[in-house]
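Okay, structure first, notes after.
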Amino acid sequence: MVRTRFAPSPTGFLHIGGVRTALFSWAYARHHGGKFILRIEDTDAARSTPEAVQAIIDGMDWLGLEYDEGPFYQMQRVERYKAVIHEMLENGSAYYCYMTPEELERLREEQRAKGLKPRYDGTWRPEVGKTLPAPPDGVRPVVRFRNPVDGAVAWKDLVKGYIEIDNTELDDLVIARADLTPTYNFCVVVDDWDMGITHVIRGDDHVNNTPRQINILRALGAAVPQYGHLSMILGDDGQKLSKRHGAVSVMQYDEKGYLPEAVLNYLARLGWSHGDDEIFSMAQFCEWFDLGHITPSAAQFNTEKLNWLNSHYIKQADNSRLASLLAKRFNALGVSVSSEPSLDAVTALYKERVSRLDELAEEVKVFYTDPEFSAELLARHLTSEAQPALETFIDRLERLESWDAPSINALLKECLKIHNLKMPKLAMLLRLLLTGREHTPSIDAIIALFPRDTAIKRLKSAEDSGGLSGG
RNA sequence: GUCCCCAUCGUCUAGAGGCCUAGGACACAACCCUUUCACGGUUGGUACCGGGGUUCGAAUCCCCGUGGGGACGCCA
């Protein structure tokens with residue numbers, strides 16, 4: 001049984017890199033009919049917040065990345081960690097270290113100065129035949145893991161292939177702080193063990209932690225899971241994403257008007273491929289996703305492509321779904337939506353033209369609020385030849401028998417013929433008067449959407465502004 | 001500094017020694033469609049980091065170099 005997990009630390013929002021890791025982990029479990037577990041790594045009490053926990057859960061929720069177990073909180077498992085540490089102290093795979101942070105810092109300085117990799121020198125590490133210094137007064141010790149000194153740790157990384165790291169590169173890491181709280185690398189190991197994790201799929205930045213974790217796992221006599229390290233996602237500008245540069249909460253994609261399926265599809269394709277397939281459902285993705293075609297190199301985020309995918313999914317989406325999403329936006333904007341035209345109908349006409357919901361809302365808004373446009377713009381389209389055509393059009397529109405696009409279109413052509421005009425001459429003017437914009441879907445469809453009195457009222461607004469009657 | 005990882009169009013990628021005069025997608029350009037703008041359709045340009053090997057044959061395998069990234073916490 002495959003068991004994977006997503007283990008974020010709740011120290012900020014859930015960003016796109018985290019989501020991608022979660023997605024791959026989730027998909028791998030789904031592909032193999034296994035379990036996907038959510039674990040909150042909140043042992044850093046100072047930086048973890050309940051808001052961040054909620055943000056993670058909200059993000060997973062929005063995307064539909066359902067977890068089968070959890071969320072588990074590490075802070076609720078400290079008794080277990082302490083028990084394991086106690087055992088390790090007993091059996092000699094861990095020991096107390098009385099070196100103070102200041103001493104440690106000094107040691108690291110010296111090593112760096114010599115061009116060495118900074119690491120703990122094993123002062124307090126017990127060895128056969130070695131006499132340990134006497135524990136100093138007033139220093140509360142940390143607990144260190146007794147890392148093997150010989151040989152190497154190797155694993156076949158699911159995405160990067162064979163990786164081997166010499167044990168001499170590793171030092172005895174702290175597994176419990178002076179205040180007795182366990183540290184990250186240790187909690188991960190105990191959790192992955194206890195939760196029966198078979199495949200650890202996580203970010204690239206953990207490759208260096210892997211040999212340490214494997215060593216602890218072995219000291220514990222626990223099974224070593226398989227590891228797959230995903231390369232990082234770079235920002236649109238090729239720079240590393242960070243809180244102060246480019247990284248945003250996944251929920252901001254919702255606010256911007258991206259559909260979750262678009263974000264998911266985009267992310268799935270970032271660092272993974274299935275031949276030339278670009279557009280696919282999550283069901284399809286889970287069926288395909290086997291960890292086999294993951295790109296080991298970092299991938300740059302490309303908003304343009306996300307936009308393209310989003311526009312695709314908007315076109316695919318049900319009008320009613322889009323309409324209710326739109327209604328929520330209008331609500332937040334304080335725009336009241338009248339019953340005519342229905343949001344469904346307007347959405348149907350406009351969804352082909354936008355790539356985000358915020359754009360859609362912006363376009364559609366004109367049906368529910370009075371259009372605004374400049375006098376210059378009006379002057380440009382309210383030409384002396386268009387003016388009489390407009391009058392004829394309004395006059396006949398008021399008496400038009402059936403209020404639908406084909407009839408309106410016929411009327412439009414009739415007026416053009418009478419006044420010997422080309423379509424754009426009149427259509428552009430109507431567009432502007434009705435929507436305040438020069439670019440809209442075809443004008444007959446637009447007019448048909450409006451209630452007749454609203455359409456007439458807006459078309460007559462040219463008179464009010466003084467253009468038609470000539471004063 | 002030390003260790004680890006990575007390297008195909010601007011971007012995401014296909015490519016597991018011959019199918020590659022390197023394919024797809026986004027973006028870009030041109031044309032078509034057209035009632036404006038989009039959508040859609042057609043076409044086009046642009047890439048195997050460099051150098052050595054191995055091989056009849058290398059984008060693919062090996063080595064070196066270069067460039068980029070990551071890690072080196074009583075953070076996660």
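Chain naming here is simple, since letters A, B, ... match the order of the sequence lines and numbering starts at 1 in each. For the numbers below, each heavy atom of this structure counts, side chains included, while hydrogens, waters and symmetry mates do not.
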Using the 3.5 Å cut-off, write out each protein N or O paired with an N or O of nucleotides 33-35 of chain B and the distance between them.
unit_1 : atom_1 : unit_2 : atom_2 : d
B/U35  : O2     : A/R431 : NH2    : 3.0
B/U35  : O4     : A/N409 : ND2    : 2.9
B/U35  : O4     : A/D444 : OD1    : 3.1
B/U35  : O4     : A/D444 : OD2    : 2.9

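Summarising the base pairing, B/U60 is matched to no nucleotide, lacking a Watson-Crick or G-U wobble pair whose two defining distances lie under 3.5 Å. Under the Watson-Crick or G-U wobble criterion, with both distances below 3.5 Å, B/A71 is paired with B/U2. Across all strands shown, B/C9 forms no Watson-Crick or G-U wobble pair with both key distances under 3.5 Å. Base pairing analysis places B/G44 opposite B/C28; the two distances defining the Watson-Crick or G-U wobble pair are each below 3.5 Å. Figure legend. B/A22 is base-paired to no nucleotide; pairs are counted as Watson-Crick or G-U wobble with both atom distances under 3.5 Å. Using the Watson-Crick or G-U wobble rule with both distances under 3.5 Å, B/U34 pairs with nothing in any strand shown.
In this structure, the side chain of A/Y266 engages the main chain of A/N302 through a donor-acceptor pair within 3.5 Å. At distances below 3.5 Å, not a single donor-acceptor pair connects side-chain atoms of A/E103 with backbone N or O atoms of A/M99. With A/D318 contributing its side chain and A/R321 its backbone, the two residues share no donor-acceptor pair below 3.5 Å.
The nucleotide whose nearest atom lies closest to any side-chain atom of A/M232 is, among B/G70, B/A76, B/A25, B/G70. Distance from the side chain of A/R108 is smallest to B/G73 among B/G70, B/A76, B/G73. Nearest nucleotide to the A/M428 side chain, out of B/C6, B/C4, B/U36: B/U36. Nearest nucleotide to the A/I163 side chain, out of B/G69, B/C74, B/C4: B/C4. The A/Q300 side chain lies nearest to B/U11 when the options are B/U11, B/A76, B/C3. Distance from the side chain of A/K117 is smallest to B/A71 among B/C4, B/A71, B/A76.
Remark: A/D204 engages A/K160 in a side chain to side chain donor-acceptor pair (under 3.5 Å) (not counting sequence neighbours). Residues passing the ring pair (Phe, Tyr, Trp, His ring centres under 6.0 Å) test with A/H15, sequence neighbours excluded: none.
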Summarise protein proximity over nucleotides 15-24 of chain B in one line of letters, 5' to 3': B for base, S for sugar-phosphate only, - for none, counting protein heavy atoms closer than 4.0 Å. S-------BB

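Nucleic acid contact for A/P118: base, since at least one base atom lies under 4.0 Å from a heavy atom of the residue. When heavy atoms are screened at a 4.0 angstrom cut-off, A/N209 is found touching base atoms of the nucleic acid. Counting any heavy atom pair closer than 4.0 Å across all strands shown, A/G271 reaches sugar-phosphate atoms only and no base atom. Using a 4.0 Å heavy-atom cutoff across all strands shown, A/K422 reaches no nucleic acid atom at all. Residue A/T295 is classed as a sugar-phosphate contact, given heavy-atom separations below 4.0 Å to backbone atoms only. A/V174 comes within contact range of the sugar-phosphate backbone alone, with a heavy-atom separation under 4.0 Å but no base atom that close. Looking at heavy-atom distances under 4.0 Å, A/K114 makes no contact with the nucleic acid at all. Heavy atoms of A/A178 sit under 4.0 angstrom from at least one base atom.
Centroid-to-centroid, the aromatic rings of A/Y162 and A/W155 stay 6.0 Å apart or farther.
Judged by the 6.0 Å distance and 45° axis criteria, A/R80 is positioned over the aromatic ring of A/W193. At least one test fails for A/R396 against the ring of A/F393: distance under 6.0 Å to the centre or angle within 45° of the axis.
Of the candidates A/D171, A/T183, A/N215, A/D172, A/F145 forms a side chain to side chain contact (heavy atoms under 4.5 Å, CB included) with just one, namely A/N215. A ring pair (Phe, Tyr, Trp, His ring centres under 6.0 Å) with A/W272 holds for exactly one of A/F24, A/Y28, A/F285; it is A/F285.
Contacts between residues 39-49 of chain A and RNA chain B, defined by a heavy-atom separation under 4.0 Å, are made by A/E41, A/T43, A/D44, A/R47.
Shortest non-hydrogen contact noted between A/M195 and A/I37 is O-CD1, 4.2 Å. The minimum heavy-atom distance linking A/A345 with A/L449 is given by the pair CB-CD2, 3.6 Å.
Sorted by first and then second residue, the pairs that involve residues 417-430 of chain A and meet side chain to side chain donor-acceptor pair (under 3.5 Å), not counting sequence neighbours, are A/E385-A/K425, A/T392-A/H419.
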